[in-house]
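Proteins get letters first, then strands, A, B, ... in listed order; numbering begins at 1 in each.
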2 protein chains.
Amino acid sequence: MDKKSVAAPDFAAPLGTTNRSLPEQICDHIRELIIDGTLEAGTWLRERDLAQRLNVSRIPVREALPVLEAEGFVRMVPRRGAMVTTLTLREAENLYDIRESLEVLAARLAARQARHSPPVALLECLERGRAAAEAGDRHGVEAANAAFHGEILKLSDNPLLQSIMKPIKGRVRWLFHLLPSRDPHSQLLKHQELCDAIASGNPDLAAAVAYAQIVRTRESSLAVLRTLLPES
Amino acid sequence: MDKKSVAAPDFAAPLGTTNRSLPEQICDHIRELIIDGTLEAGTWLRERDLAQRLNVSRIPVREALPVLEAEGFVRMVPRRGAMVTTLTLREAENLYDIRESLEVLAARLAARQARHSPPVALLECLERGRAAAEAGDRHGVEAANAAFHGEILKLSDNPLLQSIMKPIKGRVRWLFHLLPSRDPHSQLLKHQELCDAIASGNPDLAAAVAYAQIVRTRESSLAVLRTLLPES
DNA sequence: GGTCGGCAGACTGTATACCAATGTTCCCCC
DNA sequence: GGGGGAACATTGGTATACAGTCTGCCGACC
């Protein structure tokens with residue numbers, strides 16, 4: 001197997017002077033590099049190397065890598081380092097199994113909450129997505145979609161669910177980056193339908209809609225992924 | 001608020017010379033101390049203090065604490081340290097929401113797998129629990145119960161689900177430590193029923209049984225917890 | 001008497017240097 | 001060409017140092 005070293009280019013350390021902790025920034029940075037494909041599967045991440053490139057010491061890097069391992073982006077091998085994992089078809093299926101459970105739960109809880117306070121933020125995301133779609137702004141559409149799902153989660157008002165969904169969302173994004181980008185219009189229709197179901201305040205309806213949508217996405221995505229990913 | 005410092009006694013560092021990594025051992029050790037109540041809610045965990053007591057340096061402690069935060073056992077405050085969290089009624093409800101989704105999923109997947117290979121390990125756990133119950137070995141019963149749920153998870157054959165359930169299981173144990181211990185006999189009956197449903201190879205049946213059982217447990221547990229835990 | 005400001009202490013966040021254990025590579029020798 | 005072993009690379013873990021910041025307290029001033 002061809003063991004690549006960590007990619008040389010585009011590693012400039014943008015770690016701005018925010019108030020977020022260094023390990024967190026490092027973690028986010030590496031995660032983005034993996035999701036957008038800059039760091040390919042099989043790449044070894046050496047902590048001293050990363051520390052040097054990012055202009056930090058080993059300690060924050062050492063704290064960032066286990067997080068990425070917990071999220072499934074890298075696999076840590078004792079005394080070897082962290083390797084960017086290969087997404088397999090099996091993992092994609094496992095991921096959809098989880099989503100079918102948890103996103104349905106999120107929709108159900110969101111609908112329950114929506115009875116008390118109407119989901120204005122949800123409608124806002126929808127509108128933002130529509131505007132971006134009409135402007136042909138693919139990036140804006142994706143951002144609005146992510147915000148939409150984030151709002152459902154926030155609406156569900158279950159911090160534990162939110163913390164569990166965080167790694168899931170990262171992996172879903174990773175998967176979707178491998179797929180040809182989907183039609184923004186049908187995406188919007190789906191979100192509109194889900195939004196309506198949640199806004200109706202009927203948990204069972206919202207759950208059913210969310211479930212049906214994920215199953216549909218699952219089938220079409222896996223059909224494509226079967227041609228792209230290794231079995232396991 | 002009365003800010004307790006880290007408890008002085010029973011902190012002897014038993015960290016054996018296993019091959020498991022130091023942060024992992026530290027994490028497990030502190031988690032047990034929290035679950036069994038040695039470390040009360042509100043206790044501040046100071047990393048230098050912990051490091052000294054456990055006879056390790058600060059670095060492995062620093063890597064263990066974020067894990068415990070992700071699992072919900074402590075809350076880290078920047079530049080203050082980690083505080084043992086207070087379990088609230090809200091969190092208990094959130095936890096049951098998640099379990100209703102994920103344990104049902106686990107049962108469903110396990111039943112699907114059981115069609116190909118009969119769940120002998122599951123039956124074994126059941127038998128072990130029965131033996132422990134007849135011997136009046138409460139600790140053995142609990143261990144067998146934990147093993148039973150672990151086997152379902154293993155049977156479900158979804159590594160992502162297993163990794164997600166890990167923190168959940170810890171919190172469930174934490175919760176159950178607050179409750180008066182349940183009747184081993186009715187526990188066994190429930191597990192027998194769930195085991196049969198899984199062994200039947202019918203995913204929908206297994207899911208329905210698991211769901212019904214969790215809902216039942218939820219109601220009785222929360223009734224007790226309402227008298228024990230703060231609202232939020 | 002109450003409130004504001006500053007001082008001291010405590011603790012984390014991060015950096016640096018170091019050693020030990022272990023896995024890898026590659027060269028030399030047979 | 002293949003096996004053995006030495007040199008190297010890399011992590012796991014420790015010790016130490018220093019800066020930033022938060023807390024709590026004490027005193028001064030209104």
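- Regarding Arg62(B), its CZ atom lies at a distance of 14 Å from the P atom of dT14(D), rounded to whole Å.
- Ion pairing between a basic and an acidic side chain is recognised when a charged N comes within 4.0 Å of a carboxylate O; Arg173(A) and Glu32(A) show such pairing.
- Rounded to whole angstrom, the span from the CG atom of Asn55(A) across to the P atom of dG13(C) amounts to 20 Å.
- By the 4.0 Å N-to-carboxylate-O rule, Arg90(A) lies close enough to Asp157(B) to be salt-bridged with it.
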Could you list the protein-to-nucleotides 6-10 of chain D atom pairs, N/O on both sides, closer than 3.5 Å?
unit_1	atom_1	unit_2	atom_2	d
dT10(D)	OP1	Arg46(A)	NH1	2.9

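- Between Ser221(B) and Leu175(B) the shortest side-chain heavy-atom distance does not fall below 4.5 Å.
- By the 4.0 Å N-to-carboxylate-O rule, Arg75(A) lies too far from Glu69(A) to be salt-bridged with it.
- The side chain of Val56(A) sits closest to dA15(C) out of dG13(D), dT14(D), dA15(C).
- Using a 4.0 Å cut-off between charged nitrogen and carboxylate oxygen, Glu100(B) and Arg218(B) count as a salt-bridge pair.
- Rounded to a whole Å, the CE atom of Met83(B) is 12 Å from the P atom of dT23(D).
- Residues Val77(A) and Ile59(A) both approach DNA chain D. Their nearest nucleotides, taken by heavy-atom distance, put Val77(A) toward the 5′ side.
- Comparing dT14(D), dG13(D), dA15(C) by their closest approach to the side chain of Pro60(B) singles out dT14(D).
- The Arg58(B) side chain lies nearest to dT14(C) when the options are dT14(C), dG13(D), dT14(D).
- Ring geometry for His191(A) versus Phe148(A): interplanar angle under 30°, hence parallel rather than tilted (30 to 60°).
- Taking atom CG on Leu50(B) and atom P on dC11(C), their separation rounds to 12 Å, with Å as the unit.
- Spacing between atom CE of Met76(A) and atom C1' of dG23(C) amounts to 15 Å, rounded to whole angstrom units.
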